[in-house]
2 protein chains.
Amino acid sequence: MTRAPEPEEISDVAGLLEELFRLSRRLTPPGNYSLTVYSALASLKRHGDARLTALAAHEGVSQPSMTQAVGRLKREGLVQQVPDPSDGRAVLISITDTGLAALAARSQRRSEGVAELLAALDATDQHSIIAATGALRRLIDAVPDQRPDGK
Amino acid sequence: MTRAPEPEEISDVAGLLEELFRLSRRLTPPGNYSLTVYSALASLKRHGDARLTALAAHEGVSQPSMTQAVGRLKREGLVQQVPDPSDGRAVLISITDTGLAALAARSQRRSEGVAELLAALDATDQHSIIAATGALRRLIDAVPDQRPDGK
DNA sequence: TATTGTTATACTCTATAACTATA
DNA sequence: TATAGTTATAGAGTATAACAATA
């Protein structure tokens, strides 16, 4: 049980990740915020306040894209943007109570969708998925933040 | 080991799916085809020829969106589109050898990225992810195709 | 000079509505 | 009438390039 993953197992995982995107979209009704916007919001909740550049690097989008995403969140009161007292160039983005509530509502809806899907599986499958969530989260955390200029 | 999943476990899985999108984007260099385009292409390979409407329903996008996606794939020779002999209104989309090759090249690149990420995990995590791939694929297959009109 | 962030501009993806052709 | 698909149009998301302000 300590052998290294075989190439076929790795490509299985890679193919799976591709298909999971489809699932992720289906759990996101159109008309809501984009996946990126929510991902950024979730990141602010999980990791605390962040600079715009750091947020863009973490989400893997360009700085201007994040400027626009944050602009929208700001207009709708889900985040606040304050100047960084220690650096006149920088701004700090933080999630508001409204933002936390929006995130919670969305999580609730998504959980309901996932619960329905899980219910279609047998107990063995359910438990192997649940057993793998921690590992998958660590897999995601292994994704390095993008360097702004790709250097 | 046969108890039903608890609410917290379900929301863990749901939260994970949200974060997977970030990973998915990071595995997709910009400038390539969109995730949807590749998802449709993979679906054609896996399930065989399909009507445009069926493809749109399976991917969870509108019919016009799929018309455009297929149009692009057609222009670049990755799919073929032929009239359905049994129904003059319908068309059948099929993947070409060029399309299969493009899919294989992309899978190769993504597998390399996934291999790097997996290498950052310990053996226990690696194996719990690999052990869950079958179950996760069945979870995805449990997603119903979208009705064109949402009825 | 380098970094942080915004503005300008263009392209892709997506949706809804209106349309054509066939069942 | 209903269904399969396309065309028209608009809005969101994204990128690169050029810019302003600060370090």
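None of these values were measured; they are calculated from a predicted model. Chain A is the first sequence line, chain B the second, and so forth, proteins listed ahead of strands; every chain is numbered from 1.
Using a 4.0 Å heavy-atom criterion, one finds that A/V91 contacts the sugar-phosphate atoms exclusively. Counting any heavy atom pair closer than 4.0 Å across all strands shown, A/S34 reaches sugar-phosphate atoms only and no base atom. In this structure, B/E59 reaches neither bases nor backbone, as no heavy-atom distance under 4.0 Å exists between it and the strands shown.
Between the P atom of D/dT9 and the CD atom of B/Q68 lies a distance of 15 Å, rounded to the nearest Å. In this structure, the CG atom of B/L35 is 13 Å from the C1' atom of C/dT12, given to the nearest Å. In this structure, the CZ atom of A/R51 is 14 Å from the P atom of D/dT22, given to the nearest Å. At whole-Å resolution of the value, CG in A/D49 and C1' in C/dT4 are 17 Å apart. To the nearest angstrom, C1' of C/dT7 lies 18 Å from CE of A/M66. The separation between A/Q63 atom CD and C/dT6 atom C1' is 9 Å, rounded to whole Å. At whole-Å resolution of the value, CG in A/L92 and P in C/dT4 are 12 Å apart. Between the CG atom of A/L73 and the P atom of D/dA12 there is a distance of 14 Å, rounded to whole Å.
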Using the 3.5 Å cut-off, write out each protein N or O paired with an N or O of nucleotides 18-23 of chain C and the distance between them.
from	atom 1	to	atom 2	distance (Å)
C/dA23	OP1	B/G88	N	3.0

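In this structure, A/D87 pairs ionically with A/R51, as a charged nitrogen and a carboxylate oxygen lie closer than 4.0 Å.
Along DNA chain D, the nucleotide nearest to A/G60 and the one nearest to B/T67 differ in position, and the one closer to the 5' end is contacted by B/T67. Map A/K74 and A/R25 each onto its nearest nucleotide of DNA chain C; the residue landing nearer the 5' end is A/K74. Summary of the strand contacts: A/V61 and B/A90 both lie near DNA chain D, and taking for each the nucleotide with the nearest heavy atom, the more 5' one is attributed to B/A90.
Side-chain N or O atoms of A/H127 include one that pairs as donor or acceptor with a backbone N or O of A/A123 at under 3.5 Å. A donor-acceptor pair under 3.5 Å links the side-chain atoms of A/S107 to the main chain of A/L103, judged by distance alone. The closest donor-acceptor contact from the side chain of B/R26 to the backbone of A/P144 lies under 3.5 Å.
Pairs passing the salt bridge (Lys or Arg N to Asp or Glu O under 4.0 Å) check and including a residue from residues 118-135 of chain A, sequence neighbours excluded, read A/D125-B/R138.
With C/dG5, D/dT14, D/dA4 as the candidates, the nucleotide lying closest to the side chain of B/T53 is D/dA4. Distances were taken from every side-chain heavy atom of A/R72 (C-beta onward) to each of C/dT6, D/dA12, D/dT6; the shortest belongs to D/dA12. For B/Q81, the side-chain atoms get nearest to D/dG5 when compared with the rest of D/dG5, D/dT14, C/dT14.
B/E9 meets the side chain to side chain donor-acceptor pair (under 3.5 Å) test with B/R3; sequence neighbours excluded.
The structure places CG of B/L139 at 8.0 Å from CG of A/L20, a figure rounded to the nearest 0.5 Å. Atom CG in B/L117 sits 10.0 Å away from atom CD1 in A/I140 (nearest 0.5 Å).
Distances shorter than 4.0 Å separate some side-chain N or O of B/S62 from OP1 or OP2 on C/dA15.
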